[in-house]
Amino acid sequence: MILAPLTRGGNLPFRRLCADFGMETSMSEMIYARSLLRGDKIEKARLRRARNEHVYGVQLATNQISEGLEAAKEAEKAGADFVDLNCGCPIHDATRRGLGSSLLRSPKKLGNLVNGRAIREAGASAVTIHGRTAQQGYSNNADWTLIQKAVQDGKDEGFGHIPVIGNGDILTHYEARRRMDESSVDSVMVGRGALSKPWIFKEFNENETWAPDTNERIEVYRTLANYMKDHFGDDSMGRKKAFNFLPWHFEFLSRYNPYPEDKFSAQSAEKPLIQSRITISTDDLSPLEILLSNRCHDAHNLIAGLLWDSDSNANAVKKLNELAESSEFREILSNGGVNKGEDTVLTNLPKGRAGKWEKRRDRKPGPKRNDEEIRKIRADRAAKKATILEEGGVWPPQ
């Protein structure tokens with residue numbers, strides 16, 4: 001089981017936490033090769049490897065061969081064991097540059113990046129397939145029948161020696177095992193499943209569900225906060241940097257449910273649990289459990305702050321229990337809602353009202369384009385279409 005390269009979520013402290021739970025292979029957040037070569041400090045920081053990461057790869061986003069080679073050399077200098085070429089990221093910031101999933105529109109260009117006619121023939125050491133399109137996002141289930149077909153096609157064409165890694169909608173160890181058995185992939189990759197419970201690697205390795213109680217979960221969450229202190233610094237500047245990540249993680253951690261195999265295995269075979277919107281009654285939950293499962297960004301900020309300031313696990317439990325019983329949290333329960341500002345790159349949670357720290361700003365319309373600008377845009381699009389078709393791609397993109 002491999003940790004997926006996760007924008008924002010795949011930060012070094014989180015990967016370090018996953019490694020504590022038996023993660024053996026991981027990847028950096030996506031790094032723009034061009035920005036890295038220009039000396040961008042943020043991209044250079046993303047090269048760093050946690051000391052307990054066993055096999056570590058750096059994911060690069062590029063569409064230029066020379067640029068990719070130079071960036072790969074920088075990754076090697078930083079201690080990476082391998083380099084992963086991103087050709088699946090659907091976010092606009094990547095696709096508008098001709099990176100990420102936009103590379104799939106030009107198979108010839110993608111093959112050239114790996115140095116050959118097609119990915120397998122090009123000499124790729126492994127291929128990861130996320131069974132969904134950029135346009136689909138997380139609105140539908142990942143298509144594992146396509147992944148299975150790709151595995152079989154590879155064997156039929158003489159490329160069975162190249163490992164195929166399957167990715168999409170894995171939340172439990174038994175779903176991971178089933179996907180491996182049914183599709184014949186060599187390994188599986190997890191993203192949202194790991195963000196919801198970093199101990200999914202422990203479950204996979206031991207082939208059984210671990211259902212930590214609230215105190216044990218708080219210990220895990222406080223460990224993540226402490227790893228962020230180690231990484232960013234235990235001062236006001238370090239806290240400011242860390243809080244770009246720590247509260248955000250609770251948008252996923254708050255979704256945790258143990259999903260024991262004896263109760264959910266059959267249901268997961270019909271539809272992936274991560275896509276099922278299973279409603280958990282709060283009637284029998286303690287106030288602390290209700291707090292930890294709250295999906296409002298206001299609550300996530302408060303939880304992160306208490307974890308950061310606590311000097312022990314016992315102190316963290318005490319403070320969080322007090323917060324769960326407080327009028328401040330009761331106000332959040334009354335007036336808050338599912339966070340609007342969460343990262344839609346990774347999640348497809350239903351929309352709700354934003355908390356007081358996450359007010360949505362009205363977007364001002366851009367300037368109107370004149371006739372000459374419109375003609376230029378149309379000409380650029382026509383040229384892009386011609387290039388994609390010439391390189392063996394499909395237009396319009398599927």
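These numbers come from the heavy atoms of this one structure, side chains and all, not from hydrogens, waters or symmetry mates. Residue numbers start at 1 and run along the sequence shown.
- Contact check for H297 versus E251: side-chain heavy atoms found under the 4.5 Å cut-off.
- Side-chain contact annotation: T209 with H173, donor-acceptor N/O pair under 3.5 Å present.
- Every residue was checked against the side chain to side chain contact (heavy atoms under 4.5 Å, CB included) condition with E76, not counting sequence neighbours, and none meets it.
- Looking at R192, its side chain never comes within 3.5 Å of a backbone N or O of I170 through a donor-acceptor pair.
- Residue pairs meeting the ring pair (Phe, Tyr, Trp, His ring centres under 6.0 Å) criterion with at least one member in residues 253-277, sequence neighbours excluded, are W199-Y256, Y259-F264.
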* Please report the C-alpha distance between D213 and R217 in whole Å, then the side-chain angles of each, then the deciding distance to 0.1 Å, and finally whether the salt bridge (Lys or Arg N to Asp or Glu O under 4.0 Å) criterion is met. => CA-CA 6 Å; D213 60 28; R217 285 165 60 198; over 6 Å; no
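- L171 approaches I200 most closely through the heavy-atom pair O-CD1, 3.4 Å.
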List the atom pairs, with distances to 0.1 Å, where a side-chain N or O of residues 181-188 and a protein N or O form a donor-acceptor pair under 3.5 Å, not counting sequence neighbours.
residue : atom : partner : partner atom : Å
S183    : OG   : R179    : O            : 2.5
S183    : OG   : V185    : N            : 3.4
D186    : OD2  : V164    : N            : 2.9

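- Remark: side-chain polar atoms of E203 are paired, donor with acceptor, to backbone N or O of W210 under 3.5 angstrom.
- Of the listed residues (K73, R34, R38), just one forms a salt bridge (charged side-chain N to carboxylate O under 4.0 Å, His left out) with E67, and that residue is R34.
- When the options E216, R222, K318 are evaluated for a side-chain hydrogen bond (donor to acceptor under 3.5 Å, both in side chains) with N313, the one that passes is R222.
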* Yes or no on salt bridge (Lys or Arg N to Asp or Glu O under 4.0 Å) for R46 and E43, after CA distance, side-chain angles and deciding distance? -> CA-CA 5 Å; R46 287 176 176 150; E43 301 291 45; 2.7 Å; yes
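- Interatomic distance, CZ of R295 versus CZ of F252, reported as 10.0 Å (0.5 Å rounding).
- Side-chain contact check for V58 versus M27: every heavy-atom pair is 4.5 Å or farther apart.
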* Give the intermediate values and the outcome of side chain to side chain donor-acceptor pair (under 3.5 Å) for residues E29 and T7. => CA-CA 5 Å; E29 296 181 69; T7 299; 5.7 Å; no
Solution key, residues 230-242 side-chain donor-acceptor pairs under 3.5 Å, sequence neighbours excluded:
residue : atom : partner : partner atom : Å
D230    : OD2  : R16     : NH1          : 3.1
D235    : OD1  : M237    : N            : 3.4
D235    : OD1  : G238    : N            : 2.6
R239    : NH1  : D309    : OD1          : 3.2

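- In terms of modelled atom types and a separation under 3.5 Å, the side chain of R330 and the main chain of S334 share no donor-acceptor contact.
- Between I165 and A126, the shortest heavy-atom distance links the atoms CD1-CB, 4.4 Å.
- Transitive grouping of hydrophobic side chains (ILVMFWY, heavy atoms separated by less than 4.5 Å) brings I129 and L3 into a common cluster.
- With sequence neighbours excluded, the residues that form a ring-ring contact (aromatic ring centres under 6.0 Å, His included) with F250 are Y221.
- Of the charged side-chain nitrogens involved, none lies within less than 4.0 Å of a carboxylate oxygen, so that K319 and E322 do not count as a salt-bridged pair.
- The side chain to side chain contact (heavy atoms under 4.5 Å, CB included) check on E208 picks up E206, with sequence neighbours excluded.
- Between T25 and D81, the closest side-chain pair of non-hydrogen atoms is not below 4.5 Å.
- The minimum heavy-atom distance between L320 and L291, with the atom names listed, is O-CD2, 3.4 Å.
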